[in-house]
Amino acid sequence: MGQILAIDYGKARCGIAATDDMQIIASGLDTVQTSVLIEFLKKYFSQNRVDEVVVGLPTDLKGNISEVETDILKFIEIFQKEFPMIKVNRFDERFTSKMASFFISQSGKSKKQRQEKGLIDKVSATIILQNFLEQRTR
């Protein structure tokens, strides 16, 4: 069994989280500039077995799709050409940035650390992945 990787995709940077090999626990992995995301994934996949990827589905409170979805769909198309053996899942990412900010604020980090957008993206990816794992076990 391999890992599941989650991507909180953004125009500038992407938060990345991964499960353990038993696909039980989600952990923040990294924050990567979007422009080098495919290269990062190639390197990561060459060093780790990954069975599936979860990409956040950006919706608002009314369920409308965010404008970044166009970029996400282009990324998924490229991803599937580069990595045809890895299944791509989508998962609603509503509230993950707000939840990430809250959890970071509760962690005792300094104000400067709490405002670091890369940390928020990485924690958001972790929340997306953990929620995805929990939904699978229901």
Side-chain angles (χ1 to χ4, degrees):
M1 186 179 294
Q3 299 174 358
I4 301 173
L5 204 74
I7 301 171
D8 180 26
Y9 190 94
K11 289 183 183 256
R13 73 192 156 275
C14 301
I16 312 287
T19 65
D20 58 301
D21 289 337
M22 297 297 293
Q23 299 180 357
I24 298 171
I25 302 292
S27 300
L29 184 63
D30 208 344
T31 302
V32 178
Q33 294 302 311
T34 301
S35 60
V36 297
L37 179 58
I38 292 292
E39 290 79 19
F40 172 87
L41 294 173
K42 283 179 184 177
K43 183 177 180 186
Y44 189 82
F45 294 162
S46 73
Q47 299 169 351
N48 300 276
R49 181 173 165 205
V50 176
D51 293 338
E52 299 179 55
V53 170
V54 180
V55 180
L57 180 64
T59 55
D60 64 18
L61 291 174
K62 295 179 181 177
N64 299 316
I65 302 295
S66 169
E67 64 185 50
V68 75
E69 177 66 7
T70 303
D71 295 329
I72 294 171
L73 291 174
K74 288 177 190 171
F75 163 73
I76 291 173
E77 187 177 322
I78 293 166
F79 180 93
Q80 289 175 323
K81 286 178 184 170
E82 288 285 339
F83 314 106
M85 301 303 289
I86 299 176
K87 181 181 177 185
V88 176
N89 302 288
R90 301 299 305 275
F91 196 80
D92 187 348
E93 66 177 51
R94 237 177 300 195
F95 306 116
T96 55
S97 292
K98 287 188 183 346
M99 289 170 57
S101 295
F102 173 76
F103 291 139
I104 292 166
S105 72
Q106 298 300 304
S107 71
K109 301 261 186 213
S110 70
K111 184 174 182 177
K112 184 176 181 182
Q113 289 171 316
R114 289 193 311 260
Q115 292 173 336
E116 182 187 325
K117 289 182 174 26
L119 179 59
I120 292 171
D121 294 335
K122 183 167 58 172
V123 173
S124 293
T126 307
I127 293 168
I128 290 167
L129 185 52
Q130 192 64 48
N131 289 341
F132 177 79
L133 292 172
E134 289 171 8
Q135 183 189 42
R136 287 178 96 188
T137 60
R138 290 182 190 156

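One is the number of the first residue; the rest follow in order along the sequence.
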Taking all non-hydrogen atoms of both residues into account, name the closest pair between [X] and [Y] and its distance.
X	Y	answer
Ser124	Asp8	CB-OD2, 3.2 Å
Ala18	Gln3	CB-OE1, 3.8 Å
Glu82	Ile38	CG-CG2, 4.2 Å
Ala125	Ala6	O-CB, 3.5 Å

Any side-chain to backbone donor/acceptor pair from [X] onto [Y]? Under 3.5 Å, distance only.
X	Y	answer
Thr126	Ala26	no
Arg90	Val54	no
Gln23	Gly2	yes

Calculate, to the nearest 0.5 Å, the distance between atoms [atom1] and [atom2] belonging to [X] and [Y] respectively.
X	Y	atom1	atom2	answer
Met1	Asp20	CE	CG	9.5 Å
Asp121	Asp30	CG	CG	11.0 Å
Leu133	Gln135	CG	CD	10.5 Å
Thr34	Phe75	OG1	CZ	9.0 Å
Cys14	Lys122	SG	NZ	14.0 Å
Arg136	Asn131	CZ	CG	13.5 Å

Show your reasoning for whether side chain to side chain contact (heavy atoms under 4.5 Å, CB included) applies to Phe45 and Val53. CA-CA 11 Å; Phe45 294 162; Val53 170; 4.1 Å; yes
Pair Ile127-Gln130, side chain to side chain contact (heavy atoms under 4.5 Å, CB included): steps then yes or no: CA-CA 5 Å; Ile127 293 168; Gln130 192 64 48; 5.9 Å; no
Answer with yes or no whether the hydrophobic clustering places [X] together with [Y]; edges join I, L, V, M, F, W, Y residues whose side-chain heavy atoms lie under 4.5 Å apart.
X	Y	result
Val50	Phe40	yes
Phe91	Ile86	no
Leu129	Ile25	no
Ile7	Val68	yes
Val55	Phe132	no

Flag yes if more than 12 heavy atoms outside Glu67 fall under 6.0 Å of its CD atom; otherwise flag no.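 12 or below, so no.
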Less than 4.0 Å between a side-chain N and a carboxylate O, is that true for Asp21 and Arg49?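 No.
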Lys/Arg-Asp/Glu bridge criterion (N-O < 4.0 Å) met for Lys81, Glu77: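 Answer for the salt bridge query: yes.
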Under a 4.5 Å cut-off applied to non-hydrogen side-chain atoms, are Tyr9 and Leu37 in contact?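 Yes, their side chains come closer than 4.5 Å.
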Under a 4.5 Å cut-off applied to non-hydrogen side-chain atoms, are Leu5 and Leu29 in contact?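 They are in contact (side-chain heavy atoms under 4.5 Å apart), so the answer is yes.
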Please test Ile65 against Leu57 for side chain to side chain contact (heavy atoms under 4.5 Å, CB included), starting from the C-alpha separation and ending with a verdict. CA-CA 8 Å; Ile65 302 295; Leu57 180 64; 4.0 Å; yes
Taking the six-membered ring for Trp, are Phe79 and Phe83 parallel (under 30°), tilted (30 to 60°) or perpendicular (over 60°)?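 Ring orientation of Phe79 relative to Phe83: tilted.
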